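Input: a single structure, listed below in structure tokens.
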Number of protein chains: 2
Amino acid sequence: MAITIKDIANKAGISAASVSRILTNRGRFSEETAHRVRELANEMGYFKNQSAADLSQKSSRVVGVLVPITHTNFADEIIKGMQSKAYELGYELLIAFVETTNQQQIKTVKSLLSRQLLAVVMLAIDIDDTVLAVLKSADVKLLSVSNQLNNDIPSISSDNYAMMHTIVDYLYDHGHRQMALIGSSDPDPIVAILRRRGFIDALTDHGISYNPDFIWGVDMTYQTGLDAIKKFGLPLPFTAVIGSADIISIGLLNGALDAGISVPSNLSIVTVDGTELTQLTRPILTATQQNFAKMGELAISNIANESLSSHSVTFTDITLIPAGTVTTIV
Amino acid sequence: MAITIKDIANKAGISAASVSRILTNRGRFSEETAHRVRELANEMGYFKNQSAADLSQKSSRVVGVLVPITHTNFADEIIKGMQSKAYELGYELLIAFVETTNQQQIKTVKSLLSRQLLAVVMLAIDIDDTVLAVLKSADVKLLSVSNQLNNDIPSISSDNYAMMHTIVDYLYDHGHRQMALIGSSDPDPIVAILRRRGFIDALTDHGISYNPDFIWGVDMTYQTGLDAIKKFGLPLPFTAVIGSADIISIGLLNGALDAGISVPSNLSIVTVDGTELTQLTRPILTATQQNFAKMGELAISNIANESLSSHSVTFTDITLIPAGTVTTIV
DNA sequence: AATAAGTGCGTAAACGTTTACTCAAATTAT
DNA sequence: ATAATTTGAGTAAACGTTTACGCACTTATT
């Protein structure tokens, strides 16, 4: 029923090939006919059948994006960045939300891959080996953003190791000597390992021997933040705590408030991510910020740029934004 | 480069048509060859070329979803519902984030439409007439979820009018007589109109003459919530305020706290939406909850079900969840 | 004026899958 | 044992677009 280039060709009295050349702006054609064709296309309400186009040109300009459905809200920023770059370069984004369950993941991924994709971007996602195997068996570029999976797969993420140094330095300068790190305790995400290592090394640099008990957490959720305060009990054995994600830090803050601990006078909190969520609490969370939008843009540029696409990139422009949850200890 | 059904057919010593029949589970074939083919497909790492399939079967099972990039976080719930139903019924979701700017919208919509879509779902989006015209010119079903656009387009949303009654009744029962409603003041979204009307009518039902000044707001943002408190100044001329979205209500709460107004003793707040955001504040927000996941599921069922797809549906199962931001006035 | 280069456009094949039509072989019914 | 039905699978066309190739015609070069 839909209008095709053949319909346009008939009406214009030329061949479909010419219409195609004009509409894709490839090959040779006169500006005169081009004008007529473009007008006709508009009038007749023509929409390119992208499936047919994809089939014809073997390579596609579609980038699949896997986003965790447990919405870590910095994902929006990254997607925004990706989308703006994608439009600039003429790529198309195909966004799919994936559950944490394996089965759903495989189904989603397979359905994604059945569009011939140029690349698949995994956004802050930990993917299990069976899903990864499926992805690898397909002929697409893989890229992990805001997470590192393993050395095989190029990634774009912040320098998590350096980030921890920045935070620990800041807290140290404010007199803190006992600090805890709350986040996922899974060994899986390399990000978590890097953060832990950065945390420990930073403490060591300041001559503080770290207490393994002070690194804790089940997952990257609000509940983990709440539970952390309960777990350590009163009086808290540390004066400052670092939340590995904004939502965790809000859990920490509320857990502290619920336990009658006043923030920051009795507990300092620094959060990683620094999304708008940090603005919603009272006091406002002191946070490190990463340039998420830029990470998204780079992801697409990286995919577009054949030569670069095999490297991993770590962003080092991390800034700490002082706000209301850190106090100075004398 | 990729494996096609022809490759499988060759290896199995049968025709491509047979492979297609087996893999799509249509038509006639023996379980014996089927088994062999399915194994081969797996071994060889076959992925269906969905573009080719779409081209061949004229109708598609792809539903496009337009999501506002200014992430109203209940959208996640709705998407979750849509996705689960979509998988159940064998549909595919194509999610696109749209900017608020017109130009971006048109570009995104056009690129969406170039996949032959079965339907386009607009998620809590206000769309301008030019974009709407583009959508209508394409041969797709349209459905608006969690928003109503105009009578042309079927929609699935909560009964916003009844919701306001529920809230006003609740506040009235708790002794409140002066109430304000903060949300978008745009006349555009019909939702906003319905809420305002529901608010006014509910007040009238209780014999309260409403004050037009007490309905205010610029848009559905955190800032509007913050600004509302500043605008009315101290002492606030009302004892209770209704935030038209969770993020607005958090703005109201923080605005109040920043102004030294204690909640709920000096100001009661009830919020509409009731997402997890309500749990993040102290005190926790008293909220009405809508069944967002069910709305998403219904959206897909509705699209699947030819006969129903022209009706609008309003959800009436709205519950008010008491929490920490409403006090009783004596 | 003869040749070379460039321009505009048509022809036809290709992309991978689906499906209506066949038809032979196997199975069942009479 | 013959006729009727069912079963499994092959053939070929179709979906809408792109693109290599070729041809006629125009413009530039000597």
Side-chain angles (χ1 to χ4, degrees), chain A residues 1-38 40-41 44-62 90 92 110-111 113-117 138-139, chain B residues 1-38 40-41 44-62 90 92 111 113-118 138-139:
Chain A
M1 258 335 79
I3 307 293
T4 71
I5 53 171
K6 236 176 194 163
D7 299 326
I8 298 179
N10 283 341
K11 207 152 216 166
I14 56 176
S15 74
S18 294
V19 176
S20 174
R21 278 189 292 258
I22 289 166
L23 260 24
T24 56
N25 209 15
R26 272 187 276 254
R28 296 191 296 229
F29 52 85
S30 78
E31 206 35 64
E32 206 187 320
T33 19
H35 184 71
R36 199 152 37 97
V37 164
R38 282 193 273 258
L40 270 175
M44 301 171 72
Y46 168 76
F47 288 103
K48 174 198 269 198
N49 183 328
Q50 192 63 46
S51 294
D54 281 356
L55 184 58
S56 182
Q57 333 173 96
K58 325 248 263 166
S59 83
S60 90
R61 296 182 78 75
V62 182
E92 200 179 326
K110 280 203 172 165
S111 117
L113 288 175
S114 67
R115 313 261 149 206
Q116 300 101 297
L117 298 180
D139 185 30
Chain B
M1 250 347 66
I3 307 293
T4 71
I5 54 172
K6 235 177 195 163
D7 298 326
I8 299 179
N10 284 342
K11 208 154 215 165
I14 56 175
S15 76
S18 294
V19 176
S20 173
R21 276 189 293 257
I22 290 167
L23 260 24
T24 56
N25 209 17
R26 271 189 276 255
R28 296 194 294 232
F29 52 83
S30 77
E31 206 35 64
E32 205 187 320
T33 19
H35 185 72
R36 197 151 40 96
V37 163
R38 282 194 271 259
L40 270 175
M44 301 170 73
Y46 169 76
F47 287 102
K48 173 197 269 197
N49 183 328
Q50 191 63 47
S51 294
D54 281 356
L55 185 57
S56 182
Q57 331 173 100
K58 325 249 259 160
S59 84
S60 91
R61 296 183 77 76
V62 182
E92 201 179 327
S111 119
L113 288 175
S114 68
R115 313 261 149 205
Q116 300 104 296
L117 299 181
L118 174 60
D139 185 29

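What you see is a predicted model; the values in this text were computed from it and never measured.
- Looking at residues two or more places apart in sequence or on another chain, you find a side-chain contact (heavy atoms from CB on, under 4.5 Å) between Arg38(B) and Ile22(B), Leu23(B), Glu31(B), Ala34(B).
- Side chain of Ala17(A), nearest nucleotide from dA12(C), dA9(D), dT18(C): dA12(C).
- Across all strands, Thr4(A) comes closer than 4.0 Å only to sugar-phosphate atoms, never to a base (heavy-atom distances).
- Rounded to whole Å, the distance from CG on Asp7(B) to C1' on dC15(C) is 13 Å.
- At dG6(C), none of the side-chain N or O atoms of Arg28(A) fall inside 4.0 Å of OP1 or OP2 (strictly under the cut-off).
- No side-chain heavy atom of Val19(B) sits under 4.5 Å from any side-chain heavy atom of Leu40(B).
- Shown here for Ala52(A) and Leu55(B), the closest heavy-atom pair between the two residues is CB-CD1, 3.7 Å.
- The nucleotide whose nearest atom lies closest to any side-chain atom of Thr33(A) is, among dG16(D), dC9(C), dG16(C), dC9(C).
- Each of Gln57(A) and Ser18(A) was matched to the nucleotide of DNA chain C holding its nearest heavy atom; the match closer to the 5' end belongs to Ser18(A).
- For DNA chain D, the residues of residues 44-55 of chain B within the heavy-atom distance limit of 4.0 Å (strictly under) are Leu55(B), sorted by number.
- A donor N or O paired with an acceptor N or O is found under 3.5 Å between the base of dT17(D) and the side-chain atoms of Ser56(A).
- Side-chain contact check for Gln116(B) versus Asn49(A): some heavy-atom pair is nearer than 4.5 Å.
- Of the candidate nucleotides dG8(D), dG10(D), dG8(C), dG8(C) has the atom lying nearest to any side-chain atom of Ser30(A).
- Closest heavy-atom contact between Arg21(B) and Phe29(B): O-CE2, 3.6 Å.
- Protein atom CZ of Arg26(A) is 13 Å distant from nucleotide atom P of dT17(D), rounded to whole Å.
- At a threshold of 4.0 angstrom between heavy atoms, the contacts of Ile5(B) include nucleobase atoms, whether or not backbone atoms are also involved.
- Salt bridge annotation for Glu92(B)-Arg115(A): present, with a cationic side-chain nitrogen under 4.0 angstrom from a carboxylate oxygen.
- Mapping Lys6(A) and Ile22(B) onto DNA chain D by nearest heavy atom places Ile22(B) closer to the 5' end of the strand.
- For Arg61(A) and dT18(D), the CZ to P distance is 13 Å, given to the nearest whole Å.
- Side chain of Asn10(B) to main chain of Asp7(B): no donor-acceptor pair is present (N/O by atom type, distance under 3.5 Å, no hydrogens or angles).
- Taking 4.0 angstrom as the limit, Ser15(B) places a side-chain polar atom (N or O) nearer than this to OP1 or OP2 of dG10(D).
- When the C1' atom of dC15(D) is taken as reference, atom CZ of Arg115(B) falls 15 Å away, rounded to whole Å.
- Residues Gln116(B) and Phe29(B) both approach DNA chain D. Their nearest nucleotides, taken by heavy-atom distance, put Phe29(B) toward the 5′ side.
- The separation between Leu23(A) atom CG and dT18(D) atom P is 8 Å, rounded to whole Å.
- Distance Ile14(B) CD1 to dT17(C) P: 13 Å, rounded to the nearest Å.
- Between Met44(B) and Ile8(B), the shortest heavy-atom distance links the atoms SD-CG1, 4.1 Å.
- Phosphate proximity of dT19(C) to Arg21(B): absent, as no side-chain N or O sits under 4.0 Å from OP1 or OP2.
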